[in-house]
Amino acid sequence: MLRVVLADDENKVILLLQKLIDWQSLGYEVVGIANDGLRALELVKEKQPHLLITDIRMPGYDGIELIRCAKELQPKLHTIVISGYRQFEYAQNAIKYGVEDYLLKPLKQEELYGILLRLKDKFGEEAALELQLKRSGERRQELLIEALRDAVNRQKQFIDAEQAEAEYGFHFAHGTYFAALIKPDIANAEQYQDGYSIMLHHALEIVRNEVQQLAGEYAVATIREGIAAVVCIPDYQAVAVKQCFTKIRKEIEKQRDLFWNIRCMVCLGSRKTCLKEMNVSMQEAIWLCLDRLCHIQPWRDADGETLPFEERYLMDPAQKKRFQEAAEYLDKERFEQELDDSYRCLLPNQNLNGQMVEDWFQQIVDAAHYGMKQSGNVEDYFLETMQEKFWRCSSVQDVYLLLRDGIRQQIQRLCEEKSMQEARPITEAKRYIQQHYQETLRLEDVSSAVGFNATYFSALFKKETGQNFMDYLTELRINKSKELLCVDSLSIQDVAEMVGYRDLKYFSRLFKKVTGVSPSDYKKLYK
């Protein structure tokens, strides 16, 4: 049995938690309950539970402090937070301390049940049969949605109901079909990736639970664009559909414990009579979702709109060339100036839509990627990462900032790599000079040793060290000679030869020029 401690300052919540779930049948045992943080911490120490379920706000220790202290006592403790307190900082702090999941008041049986099933699997015990079946069904839905997304990309008709049954095990019947895209938007989501993932998982479960009650057959999965759904309703009723997806949007937006400024948009594709037409319906839903960058609305329905698919953005070839050149030359300032100019030209377009913004974004990314590849090894995942981050943008300004910061970081990385590549042969050259400064050493000898022609090496050496080759060599030899002149047993002639000078008069003259004193005076001075 997995041991559980429950902590909440409201007895009715404790009672509800105990009655809401058949703990034993799931393999759990409630070994302690507490109404304040101090008592809860004592129970953690005494009972050594596997799981702590705690309210965020309690007397003694609040939930955050309790979790922190409990983790110090038992680092492998798993925790779930209960909250009716809608404040962003609390949930973010909880996530920082390794909270597994969270529950919003009023508590829902299916949410707690699902979390406990997932945690049981995470504890490493044999997964319950129900969880295995659930995951199998979810995987089938993911595969169907992936196939639909691929059909949209290739602009191909989707599979029919018979293929869906043969390949994925779905039983789509006669009825009304449509695709939907549910898109939660959160400002600065990149800063809170762990919390964002938890939120998205909850949103996915909300969509699945609500669509299941509406549809005869359905598939729901998370894709890059949001949470996608394919729905078949035998007896279609527009009011029921509206109510279902409005409830989904409101339930998702309730998760403001994680993100106080979460905004959710529902986009429905047009209604169809067969599964094969779902590529059209999904394409419409994606277009509407894109358009939120320009027109913020909580609800869009392709059945009530004419979508201007033909309105696209095409960058002037000369401007695209300028983007390529700025990226190729790794010129951040020039790239940002081009981006600012392009952004200022884009915004005043009265017919601007989300698809046009994506076109603008993609053409700049492609141009910059092509340019940067000419100057260095651009990371393989750069394009994919930029496209994923694009779908986390919630406005045209966000897209602009993503372009500015994302490409600037890549250019900076390439500049640093290029600098290191240029510095590497200079480091090798310095090492070679250190090893051979006692010999007759020429620029050509050193440049040949590191694999460059003398002219290019001379310029590169001056750029990296601030000295030309001969000045660097002279400084090295004179510094070495200073050390040797302090050795009583060595004559000035000995020192001169040991640092590479066969002509004593030349060495003496050079030494005085560099140090201001003759070798003999230096020797007397430091004797």
Take R249 and E253 through the salt bridge (Lys or Arg N to Asp or Glu O under 4.0 Å) test and state the conclusion after the steps.
CA-CA 6 Å; R249 179 178 60 79; E253 289 183 344; 3.6 Å; yes

| query | Do any N or O atoms from the side chain of T474 and from the backbone of D471 form a donor-acceptor pair under 3.5 angstrom? | reply | no

**Asked** Any sub-3.5 Å donor-acceptor pair from S447's side-chain atoms to E444's backbone N or O?
**Response** yes

Are the side chain of K523 and the backbone N or O of L485 linked by a donor-acceptor pair below 3.5 Å? yes

Rounding to 0.5 Å, atoms NE2 (H436) and CG (D445) come to a distance of 9.5 Å

Do E42 and K45 sit within salt-bridge range, that is, some charged N less than 4.0 Å from a carboxylate O? no

Would the number of heavy atoms belonging to other residues, nucleotides or ligands and lying under 6.0 Å from CD of Q155 be above 12?
no

State whether a side-chain donor-acceptor pair under 3.5 Å links E384 with Q387. no

In this structure, CG of L144 is separated from CZ of R149 (nearest 0.5 Å) by 14.0 Å

*Does one side chain, of Q363 or D359, offer a donor that lies under 3.5 Å from an acceptor on the other?*
no

- request: Mark yes or no for whether H50, through its side chain, and R3, through its backbone, hold a donor-acceptor pair below 3.5 Å.
  value: yes

Determine whether more than 12 heavy atoms belonging to other residues, nucleotides or ligands lie under 6.0 Å from atom CD of Q350. no

Strictly distance-based, threshold 3.5 Å: is any side-chain N or O of D494 a donor or acceptor partner for the main-chain N or O of S491? yes

Okay, side chain of N353, backbone of D291: is any donor-acceptor separation there less than 3.5 Å?
-> no

To the nearest 0.5 Å, atom CD1 of I262 lies from atom CG of D185 at 8.5 Å

By side chain to side chain donor-acceptor pair (under 3.5 Å), D331 pairs with (sequence neighbours left out) none

Over 60° means perpendicular and under 30° means parallel, so classify the ring planes of F461 and F469, tilted if in between. perpendicular

For the residue pair Y400 and Y343, does the interplanar ring angle fall in the parallel (under 30°), tilted (30 to 60°) or perpendicular (over 60°) class? parallel

Across all chains, not counting sequence neighbours, the side-chain contact (heavy atoms from CB on, under 4.5 Å) partners of A368 are A327, F335, M372, I407

Exercise. Could you tell me whether a side-chain N or O of R502 sits under 3.5 Å from a main-chain N or O of E497, the two making a donor and an acceptor?
Key: yes

Counting distance only, does the side-chain N/O of Q324 pair as donor-acceptor with the main-chain N or O of Y370 below 3.5 Å?
no

Is R431 salt-bridged to E428, going by a charged N under 4.0 Å from an acidic O?
-> no

Here the gap from I206 atom CD1 to H201 atom NE2, rounded to the nearest 0.5 Å, amounts to 10.5 Å

For salt bridge (Lys or Arg N to Asp or Glu O under 4.0 Å), just list the numbers for E417 and R413, CA-CA rounded to whole Å, side-chain angles, deciding distance to a tenth of an Å, and then say yes or no. CA-CA 6 Å; E417 283 186 1; R413 185 187 66 81; 2.4 Å; yes

Here the gap from L52 atom CG to I67 atom CD1, rounded to the nearest 0.5 Å, amounts to 6.5 Å

Check for me whether R334 meets the cation-pi criterion with Y329, that is, NZ or CZ under 6.0 Å from the six-membered ring centre and within 45 degrees of the ring axis. no

Parallel, tilted or perpendicular, as decided by the 30° and 60° cut-offs, for the rings of Y522 and F511: perpendicular

Closest non-hydrogen contact found for M356 with N351 is SD-O, 3.5 Å

**Message:** Determine whether a donor-acceptor pair (N or O, by modelled atom type, separation under 3.5 Å) exists between the side chain of D398 and the backbone of S394.
**Reply:** yes

Rounded to the nearest 0.5 angstrom, the CD-CZ distance for Q297 and R292 is 13.0 Å

query: Do other residues, nucleotides or ligands put more than 12 heavy atoms under 6.0 Å from Q493 CD?
result: yes

### Task
Could you tell me whether the side chain of E475 and the main chain of Q467 form a donor-acceptor pair under 3.5 Å?
no

